[in-house]
Amino acid sequence: MRLIDRSRARLLGATVGTCLVTAIGISGALAQDATPTLGDTATPPAQTQPQKPDARASAAARTALAEHLQRVTDTIATVQKDRDAVTTGDLAAVDDLLDKATRLRDDAKATLAGDDISAVPQQLFAAQGAAVSAEALLRAQLSDYGLPSQQAGASRTLVAAYNQIKEISDRVSATDDVDAKDFAMTAQSLYKTAYDLYNAGTYAQAARTADVAARVAGLADLMAAPSTVTIPADGKGVVVEPGPGQPGSETRDGEPGERGNRGPSIDVAASFPNQGPGEPGRVVVVGPGSDVGGVSVGGGPIDDFSTDSPLEVPAPSFD
């Protein structure tokens, strides 16, 4: 369901084999736009003559982004309909995530109307992730129950979520990105809610809420980290690649990373809301198996039945 790997070769194979993607991104033509190329019949200019951008590449990139913008808009509308259908419970956190998704979508639309469209893919990716997180949180609130056999699995989900949120919050605190800080604060708030639900014995809802908290933290990491969001020329895969990180940094699931690089702390489920086992990686392939898709946290699937003893769940302290 999730595709994460260290190598581009395996990435492309996975994209073709299991993950036909219709999520957000940017056309491979954008790379051409960033590094302009000459037409087939053009004569190379002298070194003193500036190269002209390839208008066709720019037009193709904008067209692809316009298509993805509409898909994100459709996702937000679908989640909003689900939210409107639920009339009980506290939906403030769901509304907040939908507001974030709408604002980022609007930011992408405004950016796309300007000359520099390089920020649009990241904005659309974050908007999609926020909308899907809102849907996941809505479903979590409908799982308002707890069984003793769920406690061990829920405890492990909360421990993994806490560790990810804490690590990302520390990184985000050193940045100036407002969206990253906003996502990090939301992730912390959602973890506190999950912690309270866990202590109240509502294990199913606690685990699913903690999972959403970690997803949102991953979006904070994406917005703060120097990452590149692209889509291959065949239009069948959204790729999130890391920029330069700090030497000795770690990957999203705590495994040693390549020196000088840190992968984004997110990956995307191939179908919603299921999860697959997390793996350390440098590249993220986005592939929704439904109309909604799903940004998901690293780690194993939520365990609804376990004979193991529960772990000690950390209190929500992120200072």
Side-chain angles (χ1 to χ4, degrees), residues 1 21-24 66-110 112 120 123-146 157 161 179 182-194 196-197 200 202-220 222-223 238 266 268-275 286-297 302 304:
M1 289 179 290
V21 178
T22 56
I24 44 98
E67 183 67 40
H68 294 310
L69 175 66
Q70 185 58 52
R71 288 172 180 159
V72 173
T73 298
D74 292 342
T75 297
I76 294 172
T78 299
V79 177
Q80 185 66 56
K81 287 181 181 179
D82 281 354
R83 181 260 177 265
D84 293 341
V86 179
T87 58
T88 60
D90 184 358
L91 301 177
V94 175
D95 291 337
D96 176 61
L97 286 169
L98 276 171
D99 287 343
K100 285 180 171 60
T102 301
R103 177 174 52 79
L104 284 163
R105 187 274 316 275
D106 291 345
D107 288 346
K109 184 176 181 180
L112 187 58
V120 176
Q123 291 169 333
L124 288 177
F125 191 97
Q128 177 85 354
V132 170
S133 294
E135 175 77 10
L137 184 60
L138 190 64
R139 297 187 184 205
Q141 294 189 357
L142 296 176
S143 59
D144 184 12
Y145 63 92
T157 299
D179 290 322
D182 194 16
F183 275 126
M185 291 182 62
T186 299
Q188 294 175 14
S189 177
L190 288 172
Y191 177 81
K192 183 180 185 304
T193 299
D196 292 341
L197 289 166
T202 316
Y203 301 126
Q205 186 176 358
R208 285 162 174 77
T209 302
D211 184 60
V212 175
R215 298 180 188 204
V216 173
L219 293 173
L222 175 74
M223 299 303 287
V238 176
I266 60 170
V268 178
S271 61
F272 180 83
N274 298 324
Q275 301 182 78
V286 182
S290 67
D291 291 337
V292 177
V295 178
S296 184
V297 61
I302 295 174
D304 274 343

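Predicted model only: the values in this text are computed from it and were never measured.
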When rounded to the nearest 0.5 angstrom, what distance separates [atom1] in [X] from [atom2] in [Y]?
X: Met223; Y: Leu219; atom1: CE; atom2: CG; value: 8.5 Å
X: Leu190; Y: Arg215; atom1: CG; atom2: CZ; value: 11.5 Å
X: Ser143; Y: Arg139; atom1: OG; atom2: CZ; value: 11.0 Å

Cut-off 3.5 Å, no hydrogens considered: what does the side-chain donor-acceptor table look like for residues 86-95, sequence neighbours left out?
residue: Asp90; atom: OD1; partner: Ala92; partner atom: N; Å: 3.1
residue: Asp95; atom: OD1; partner: Arg83; partner atom: NE; Å: 2.6
residue: Asp95; atom: OD2; partner: Arg83; partner atom: NH2; Å: 3.2

Salt bridge (Lys or Arg N to Asp or Glu O under 4.0 Å) filter on Asp196, not counting sequence neighbours, yields Lys192

Can you tell if the side chain of Val79 reaches within under 4.5 Å of the side chain of Val132, non-hydrogen atoms only? no

Taking the side chain as everything from C-beta on, heavy atoms only, tell me whether Asp106 gets closer than 4.5 Å to Arg103. no

Considering non-hydrogen atoms only, spot the tightest contact between [X] and [Y] and give its length.
X: Ala213; Y: Ala187; result: O-CB, 3.3 Å
X: Leu98; Y: Ile76; result: CD2-O, 4.2 Å
X: Arg105; Y: Ala127; result: N-CB, 3.7 Å
X: Ala108; Y: Val120; result: O-CG2, 3.8 Å
X: Phe183; Y: Val216; result: O-CG1, 3.2 Å
X: Ala210; Y: Ala161; result: O-CB, 3.5 Å

Check whether Ser133 reaches the backbone of Gly129 with its side chain - one donor and one acceptor, N or O, closer than 3.5 Å.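 Flag set: sc Ser133 to bb Gly129 pair under 3.5 Å.
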
Out of Asp107, Leu112, Asp179, Val72, which one pairs with Gln123 under the side-chain contact (heavy atoms from CB on, under 4.5 Å) rule?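 In the set Asp107, Leu112, Asp179, Val72, the residue that makes a side-chain contact (heavy atoms from CB on, under 4.5 Å) with Gln123 is Asp107.
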
Flag for Lys109-Thr73: side-chain donor and acceptor within less than 3.5 Å: no

Under the rule for side-chain contact (heavy atoms from CB on, under 4.5 Å), what residues qualify as partners of Asp304, not counting sequence neighbours? Gln150, Arg208, Ile302

If we check side-chain hydrogen bond (donor to acceptor under 3.5 Å, both in side chains) with Thr75, which of these qualifies: Gln80, Glu135, Gln70, Gln128? Gln128

